[in-house]
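We name chains A, B, ... by the order of the sequence lines, and we start the count at 1 in each one.
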Amino acid sequence: MVSYSKETQTPADTQTHTQAKPGCCVCVRACVAEEEEEEEEMADPKPAEDSQEEKADEEEKQEEVLPKELTEEEKMHLLNSEEFMAFFDRGSRIVERALSERVDVCFDYSGRDLEDREGEMQAGAKMSLSRVFSDERWSKNRVVTCLDWSPQYPELLVASYNSNDDAPHEPDGVALVWNMKYKKTTPEYTFHCQSAVMSAAFARFHPNLIVGGTYSGQIVLWDNRSNKRTSVQRTPLSASAHTHPVYCVNVVGTENAHNLISISTDGKMCSWNLDMLSQPQDSLELVFKQSKAVAVTSMAFPLGDVNNFVVGSEDGSLYTACRHGSKAGISDVFDGHHGPVTGLSCHSAGGPVDFSHLFISASFDWTVKLWTTKSTRPLYLFEDSCDYVYDVMWSPTHPALFACVDGSGRLDLWNLNNDTEVPSASVVVDGSPALNRVRWAHSGREIATGDSDGQVLVYDVGEKICVPKADEWTRFVHTLVEINENRDEGDELAAQRLLA
Amino acid sequence: MLPKAEVEETLKRIQTHKGVIGTIVVNAEGIPIRTTLDNSTTVQYAGLLHQLTMKARSTVRDIDPQNDLTFLRIRSKKHEIMVAPDKEYLLIVIQNPSE
């Protein structure tokens with residue numbers, strides 16, 4: 001088909017070029033080639049060919065909507081070709097010259113552009129990396145399984161690690177005590193044991209002792225007064241103690257009356273006297289409804305309570321339980337999560353108003369949920385993460401602040417008095433390793449997090465975020481009222497929808 | 001003309017230059033053939049910059065058919081993207097100039 005057109009060559013070409021979509025360069029090159037060849041020929045056949053090419057365009061467009069990939073061989077072939085060498089020689093030369101130019105032609109002396117960047121600078125002022133603790137020999141290739149700050153010496157931090165698959169001759173369980181006060185990059189104390197350490201804690205009323213719960217079910221006690229790196233006391237590996245991994249250890253009570261509580265994943269809870277670990281003082285099977293043993297992965301005691309506590313299990317459910325009394329064992333079950341519960345934290349910021357009935361839980365289902373012991377339905381759902389949330393902890397000083405870490409390397413700080421939809425501060429760790437644990441320092445000003453590469457990172461939190469003002473508690477009361485109202489509204493709507 | 005080992009060395013030198021976030025080499029069809037960024041980012045950059053370079057080149061040539069595009073530099077608030085075009089390939093370097 002021949003059609004006549006009075007258009008000149010150039011506009012027709014432009015038309016083709018602008019209509020050609022990326023990836024359809026075959027036709028662009030064809031046009032260019034034709035242009036060169038047919039420079040002296042009529043403009044007339046051109047439009048016809050254009051429309052035919054346009055049809056081919058569209059077909060190619062449809063084929064190439066999916067990004068084309070080249071195989072490695074094709075890529076290597078291209079990279080080795082002469083044309084590529086020539087191009088690269090020229091291109092890299094220019095690029096390197098341009099890269100070395102450091103002049104910022106856009107600098108604004110009036111400072112007006114800094115207003116835009118204020119958001120960014122503020123983010124930096126919110127959380128800054130203070131220290132990174134890692135040991136070539138003992139922490140590399142291991143995952144940080146637990147962190148705890150010393151109650152007596154606020155600069156000491158114990159981190160426990162699991163086994164190093166690359167070093168089968170090294171002990172499977174390692175616990176290192178790191179010191180924030182000095183610039184030394186090696187651990188203050190190094191402890192081992194034969195099985196991977198899954199949880200660790202400073203013994204609250206014994207400044208020299210560190211307790212570790214291991215994968216084999218043994219509880220080990222390390223003493224920094226001894227010269228040994230191995231444990232000074234160990235619980236027996238028998239049915240009277242634990243035979244399953246112990247993910248939770250905690251010293252609860254007062255100076256004169258305290259116990260070490262440990263729970264293993266078969267639901268067995270033992271309480272021990274730190275002077276004698278050869279047998280538990282007391283043990284209890286945590287079963288739900290007389291049949292289902294609870295596979296406990298996390299545990300938390302509310303502030304000031306030594307009898308009632310909350311546990312989270314592998315199947316995503318949360319339970320309240322109590323240690324003593326006629327109803328010792330599991331009391332209530334909460335709606336829970338859609339995946340294993342990875343972290344639990346009870347509200348611990350003491351102040352004019354008591355929020356100790358609140359607790360938060362983190363789970364593999366990408367969410368953090370806020371609960372109250374007074375109700376089995378969650379108060380609020382925090383869905384900002386796109387990966388497994390591995391741990392969560394309330395700030396020890398600020399009533400509305402908590403931190404959570406997830407598998408994409410993000411450490412988020414949520415201030416519920418500011419915003420319940422998004423975190424108030426967020427930082428991504430360099431290299432985005434999965435962050436397994438998060439622990440606020442007792443001062444509430446620093447936050448430590450352990451990752452899957454064996455590194456412990458300590459962040460300083462900006463004053464504006466972590467220091468509570470006097471009215472934070474009353475503001476939090478209002479926030480909770482709002483949350484409760486929204487929850488009830490949400491439930492009503494859901495109920496209406498069901499009826500409709 | 002550079003032997004192959006020097007290509008690798010040069011790419012490495014560019015990549016480790018202060019502030020460089022990523023380096024991508026794209027062929028004439030917009031398909032990335034070497035990259036230091038992750039796949040989805042690379043595909044996005046390669047596609048978009050390829051389109052832009054084609055448009056820039058056609059702009060230059062429409063104004064003056066004897067002229068041709070030699071270098072394209074996009075300065076944004078956060079980054080600087082440099083594109084060294086050629087008949088067959090594109091070399092894209094993304095730099096954060098404030099570092």
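Of the inter-residue distances, the one linking B:R34 atom CZ with A:L79 atom CG reads 6.5 Å to the nearest 0.5 angstrom. Taking CG of B:N27 as the start and CD of A:E83 as the end, the distance is 11.5 Å to the nearest 0.5 Å. The structure places CD1 of A:I94 at 12.0 Å from CE of B:M82, a figure rounded to the nearest 0.5 Å. Note that CG of A:D89 and CD of B:E6 are 9.0 Å apart. Values are rounded to the nearest 0.5 Å. Going from atom CD1 of B:I33 over to atom NE2 of A:H77 covers 11.0 Å, rounded to the nearest 0.5 Å.
Note: B:A84 leads B:P65, B:A84, B:P85, B:A46 in heavy-atom pairs under 4.5 Å with chain A. For chain A, the option among B:H17, B:R75, B:E80 with the highest count of heavy-atom pairs below 4.5 Å is B:H17.
The nearest pair of heavy atoms linking A:K75 to B:P32 is CE-O, 3.8 Å. Heavy atoms only, all atoms of each residue included: A:A98 and B:R73 are closest at O-NH2, 3.3 Å. Annotation for B:V7 and A:F88: closest pair O-CE2, 3.8 Å, computed over non-hydrogen atoms.
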Going through the checks in order, is the side-chain contact (heavy atoms from CB on, under 4.5 Å) test met by A:F84 and B:V25? CA-CA 10 Å; A:F84 180 80; B:V25 179; 3.4 Å; yes
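Under the side-chain hydrogen bond (donor to acceptor under 3.5 Å, both in side chains) criterion, A:D384 pairs with A:R410, not counting sequence neighbours. In this structure A:E96 satisfies the side-chain hydrogen bond (donor to acceptor under 3.5 Å, both in side chains) test together with B:R13, sequence neighbours excluded.
In this structure, A:Y388 places its OH atom where only 12 or fewer heavy-atom neighbours from other residues, nucleotides or ligands lie under 6.0 Å away. With a 6.0 Å radius and a threshold of 12 heavy atoms from other residues, nucleotides or ligands, A:D430 has its CG atom at or below the threshold.
For A:T71, no part sits under 4.5 Å from any heavy atom of chain B, backbone or side chain. Using a 4.5 Å cut-off between heavy atoms, B:L90 touches chain A through its backbone atoms (N, CA, C, O) alone. With a 4.5 angstrom heavy-atom cutoff, B:Y89 touches chain A via backbone and side-chain atoms both.
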